[in-house]
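For reference, the structure is listed below as structure tokens.
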Amino acid sequence: MGDLMSMLPIVAMFAVVYFFMIAPQMKRAKNEKKFASELKRGDKVITKSGMHGKIAELNEKDSSCIIETMSGKLKFDRAAISMESSRALNAPAKIKK
């Protein structure tokens with residue numbers, strides 16, 4: 001019984017780490033993967049490095065996309081597109097009262 005009580009804090013610590021660190025990160029990765037797979041031609045996006053543009057082409061073979069910017073077309077990996085920034089860019093403007 002004493003051995004079980006001494007291991008309880010360690011098990012509780014692993015449970016806390018899992019529920020507060022590992023599980024949310026897995027959920028976020030799943031959402032980012034879903035976002036990247038739902039991209040379509042014409043979507044306005046922002047890359048993680050801050051480049052703004054519009055998707056001109058999507059390549060399924062190597063999971064890349066060509067983004068049209070004001071200076072030309074650039075090829076990026078779909079993972080380089082920021083989910084939060086792109087969603088904020090495409091969100092409808094809120095009306096002030």
>> Can you tell me how far apart CD (Glu60) and OG (Ser37) are? Round to the nearest 0.5 Å.
In response: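 Spacing of CD (Glu60) from OG (Ser37) equals 9.0 Å.
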> In chain order, what residues pass the salt bridge (charged side-chain N to carboxylate O under 4.0 Å, His left out) check against Lys61, with sequence neighbours excluded?
Replying inline: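 Checked Lys61 against salt bridge (charged side-chain N to carboxylate O under 4.0 Å, His left out); zero matches.
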> What pairs with Lys75 under salt bridge (charged side-chain N to carboxylate O under 4.0 Å, His left out), at least two apart in sequence or on another chain?
Replying inline: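 Lys75 satisfies salt bridge (charged side-chain N to carboxylate O under 4.0 Å, His left out) with Asp62 once adjacent residues are dropped.
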> Arg41 side chain to Ala56 main-chain N or O, any donor-acceptor pair under 3.5 Å?
Replying inline: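 Yes; judged by distance alone, with no hydrogens or angles, the pair exists.
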> Among pairs that include at least one residue of residues 8-28, which meet side chain to side chain donor-acceptor pair (under 3.5 Å), considering only residues two or more places apart or in two chains?
Replying inline: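 Every pair satisfying side chain to side chain donor-acceptor pair (under 3.5 Å) with a residue in residues 8-28: Arg28-Glu32, Arg28-Glu84.
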Apply side chain to side chain donor-acceptor pair (under 3.5 Å) to [X] and list each qualifying residue two or more places apart in sequence or on a separate chain.
| X | value |
| --- | --- |
| Ser85 | Ser82 |
| Glu38 | none |
| Ser49 | Thr47 |
| Arg87 | none |

> Taking ILVMFWY side chains as joined if any heavy atoms are under 4.5 angstrom apart, and letting links pass through other members, which residues group with Ile81?
Replying inline: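 Grouped by the 4.5 Å side-chain rule, Phe35, Leu39, Val45, Met51, Ile55, Leu58, Ile67, Leu74, Phe76, Met83 form the rest of the cluster around Ile81.
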> If two hydrophobic side chains count as joined below 4.5 Å and joins carry through other members, does Ile22 share a cluster with Phe19?
Replying inline: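 Yes, because Ile22 and Phe19 connect within a single hydrophobic cluster, where side-chain heavy atoms sit under 4.5 Å apart.
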Test side chain to side chain contact (heavy atoms under 4.5 Å, CB included) applied to [X] - qualifying residues, sequence neighbours left out:
| X | value |
| --- | --- |
| Glu57 | Ile66 |
| Lys33 | none |
| Lys44 | Leu89, Asn90 |

>> For residues 11-21, which residue pairs pass the salt bridge (charged side-chain N to carboxylate O under 4.0 Å, His left out) check, not counting sequence neighbours?
In response: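 Salt bridge (charged side-chain N to carboxylate O under 4.0 Å, His left out) check on residues 11-21 returns no pairs.
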>> Please check if the number of heavy atoms outside Met13 that lie under 6.0 Å from its CE is greater than 12.
In response: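 Correct, the count exceeds 12.
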> So do the side chains of Asp77 and Ser63 get within less than 4.5 Å of each other, counting heavy atoms only?
Replying inline: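 The answer is yes, as the side chains (C-beta and beyond) meet within the 4.5 Å cut-off.
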